[in-house]
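As structure tokens, the structure follows; a few thoughts come after it.
Below, each value reflects all heavy atoms present in this structure, side chains not excepted, and no hydrogens, waters or symmetry copies.
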Amino acid sequence: MTHTPGINDNLFIRGNVPMTKEEVRIISLCKAQITPECIVLDVGAGTGSFSIEAALMANKGHVYAVEKNPAALYLIKQNTAKFNVSDRVSVISGTAPDALNNIDSYDVVFIGGSGGNLIEILDVISAHINPGGRIIANAITLQNAGTVIEYMKQNDMYDYEAVLIQASRLKQTGNYDMMLGLNPVYIITCKVK
């Protein structure tokens with residue numbers, strides 16, 4: 001059975017942990033082109049929203065969710081159990097890139113957070129990503145978007161593209177409806193040549 005991306009944000013157990021919002025997650029998952037056999041790495045997994053949808057898409061593969069925040073690790077475990085994908089998601093406690101050392105190869109990498117170690121993370125990923133693999137890096141700052149693009153320019157093993165997504169959600173206020181903007185997010189897609 002094929003999973004169509006787009007689990008509603010309200011279905012995830014949240015707490016005060018960052019989460020890739022549904023609108024951005026859908027586009028990121030489409031850019032990732034996850035197939036049933038994919039090995040997926042989610043760096044800075046937050047609540048695990050991307051990991052869970054990736055595990056539903058890679059139903060014959062595996063997902064590694066890397067996170068350093070103890071509260072987030074707890075939420076990832078709760079959410080993987082809720083969505084019945086615990087057997088396909090390995091939750092790894094630690095800071096990237098060090099936490100990536102025991103993962104030998106992957107087809108798709110999603111970088112949702114880097115803890116300030118973006119270049120080092122990209123170096124480790126570049127050494128272990130499979131031929132034809134894809135990196136999807138989401139960034140809310142110009143600096144992180146620029147770092148990923150500059151890294152790709154200097155590293156001839158990738159083709160890359162970027163989009164900037166700005167989504168707004170309807171909020172009912174009394175008799176009125178208003179649109180509230182979410183953070184704009186750069187979605188940078190890098191494909192191994």
Side-chain angles (χ1 to χ4, degrees), residues 1-34 40-59 63 65-86 88-89 91 96 108-116 118 121 134-150 160-190:
M1 185 165 94
T2 305
H3 171 72
T4 301
I7 296 173
N8 188 293
D9 287 349
N10 295 329
L11 296 177
F12 290 97
I13 303 166
R14 288 288 307 275
N16 290 323
V17 173
M19 180 173 82
T20 303
K21 305 296 185 289
E22 178 183 352
E23 296 82 0
V24 173
R25 190 172 60 249
I26 290 168
I27 294 169
S28 298
L29 286 161
C30 288
K31 295 285 187 182
Q33 298 182 4
I34 297 169
V40 180
L41 174 61
D42 182 357
V43 179
T47 61
S49 63
F50 185 92
S51 291
I52 288 161
E53 293 223 44
L56 291 168
M57 295 171 78
N59 56 7
V63 177
V66 178
E67 179 57 57
K68 66 180 179 180
N69 178 343
L73 290 163
Y74 178 72
L75 288 175
I76 296 167
K77 289 176 184 173
Q78 284 187 302
N79 281 317
T80 56
K82 178 179 180 177
F83 289 95
N84 199 28
V85 293
S86 297
R88 283 180 272 154
V89 178
V91 181
V108 173
V109 178
F110 177 72
I111 303 174
S114 66
L118 192 48
I121 291 168
R134 300 173 81 79
I135 300 170
I136 310 303
N138 284 5
I140 59 172
T141 68
L142 288 168
Q143 289 78 11
N144 280 350
T147 297
V148 174
I149 290 170
E150 189 59 35
Y160 63 93
E161 65 179 30
V163 296
L164 176 62
I165 302 301
Q166 171 68 59
S168 298
R169 290 187 180 167
L170 181 78
K171 179 180 180 185
Q172 297 175 339
T173 307
N175 292 330
Y176 296 96
D177 296 319
M178 60 188 282
M179 297 304 291
L180 294 179
L182 302 174
N183 285 342
V185 178
Y186 296 91
I187 301 173
I188 304 152
T189 306
C190 314

Start with the C-alpha distance between E23 and I27, add both sets of side-chain angles, then the distance that settles side-chain contact (heavy atoms from CB on, under 4.5 Å), and finish with yes or no. CA-CA 7 Å; E23 296 82 0; I27 294 169; 6.0 Å; no
Under the criterion side-chain contact (heavy atoms from CB on, under 4.5 Å), I'd like the reasoning laid out for I7 against L56: C-alpha separation, chi angles, the key distance, then a yes or no. CA-CA 11 Å; I7 296 173; L56 291 168; 3.8 Å; yes
Within a strict 4.5 Å, meaning less than it, do heavy atoms of the V17 and Y74 side chains meet? no
Closest contact, heavy atoms only, V24 versus T20: CG1-CG2, 4.0 Å
Evaluate the side-chain proximity of R169 to L182: yes if any heavy-atom separation is below 4.5 Å, no if none is. yes
Value for CG (L118) from CG (N144), rounded to nearest 0.5 Å, stands at 5.5 Å
Which heavy atom in L29 sits nearest to a heavy atom in P5, and how many Å separate them? CD1-CB, 3.7 Å
Are any non-hydrogen side-chain atoms of M178 and L170 less than 4.5 angstrom apart? no
More than 12 heavy atoms of other residues, nucleotides or ligands under 6.0 Å from CD1 of I140: is that the case? no
Here the pair of heavy atoms bringing A72 nearest to E67 is CB-CG, 3.4 Å
Decide yes or no on side-chain contact (heavy atoms from CB on, under 4.5 Å) for Q33 and V108, but give the supporting numbers first. CA-CA 8 Å; Q33 298 182 4; V108 173; over 6 Å; no
Can you tell me how far apart SG (C190) and CD1 (I149) are? Round to the nearest 0.5 Å. 8.5 Å
I136 side, atom CD1; L41 side, atom CG - distance, nearest 0.5 Å: 12.5 Å
Exam field: side chain Q166 to backbone G181, donor-acceptor pair closer than 3.5 Å: no
Closest heavy-atom pair and its distance - N79, I13: OD1-N, 2.8 Å
Of all the heavy-atom pairs spanning A55 and V85, show the shortest one and how long it is. CB-CB, 3.9 Å
Do any N or O atoms from the side chain of K82 and from the backbone of L11 form a donor-acceptor pair under 3.5 angstrom? yes
Name the orientation class of the two ring planes belonging to F83 and F12 (parallel below 30°, tilted from 30 to 60°, perpendicular beyond 60°). tilted
Using a strict 4.0 Å threshold on nitrogen-to-oxygen distance, state whether D9 and R14 make a salt bridge. no
Sidechain-backbone polar pair: R134 side chain, K31 backbone, donor-acceptor under 3.5 Å: yes
To the nearest 0.5 Å, atom CG of N138 lies from atom CD1 of I111 at 9.5 Å
By ring pair (Phe, Tyr, Trp, His ring centres under 6.0 Å), Y186 pairs with (sequence neighbours left out) none
More than 12 heavy atoms of other residues, nucleotides or ligands under 6.0 Å from NZ of K21: is that the case? yes
In terms of heavy-atom contacts, V89 and S51 come closest through CG2-O, 4.2 Å
Please report the interatomic distance OG1(T47) to CG(N16), rounded to the nearest 0.5 Å. 12.0 Å
Where do V40 and F50 land on the side-chain contact (heavy atoms from CB on, under 4.5 Å) test, with the steps shown first? CA-CA 10 Å; V40 180; F50 185 92; 4.2 Å; yes
Is the backbone N or O of Y176 less than 3.5 Å from a side-chain atom of T173, with the two atoms forming a donor-acceptor pair by type? no
Using 0.5 Å steps for rounding, measure from the CZ atom of R25 to the SG atom of C30. 12.0 Å
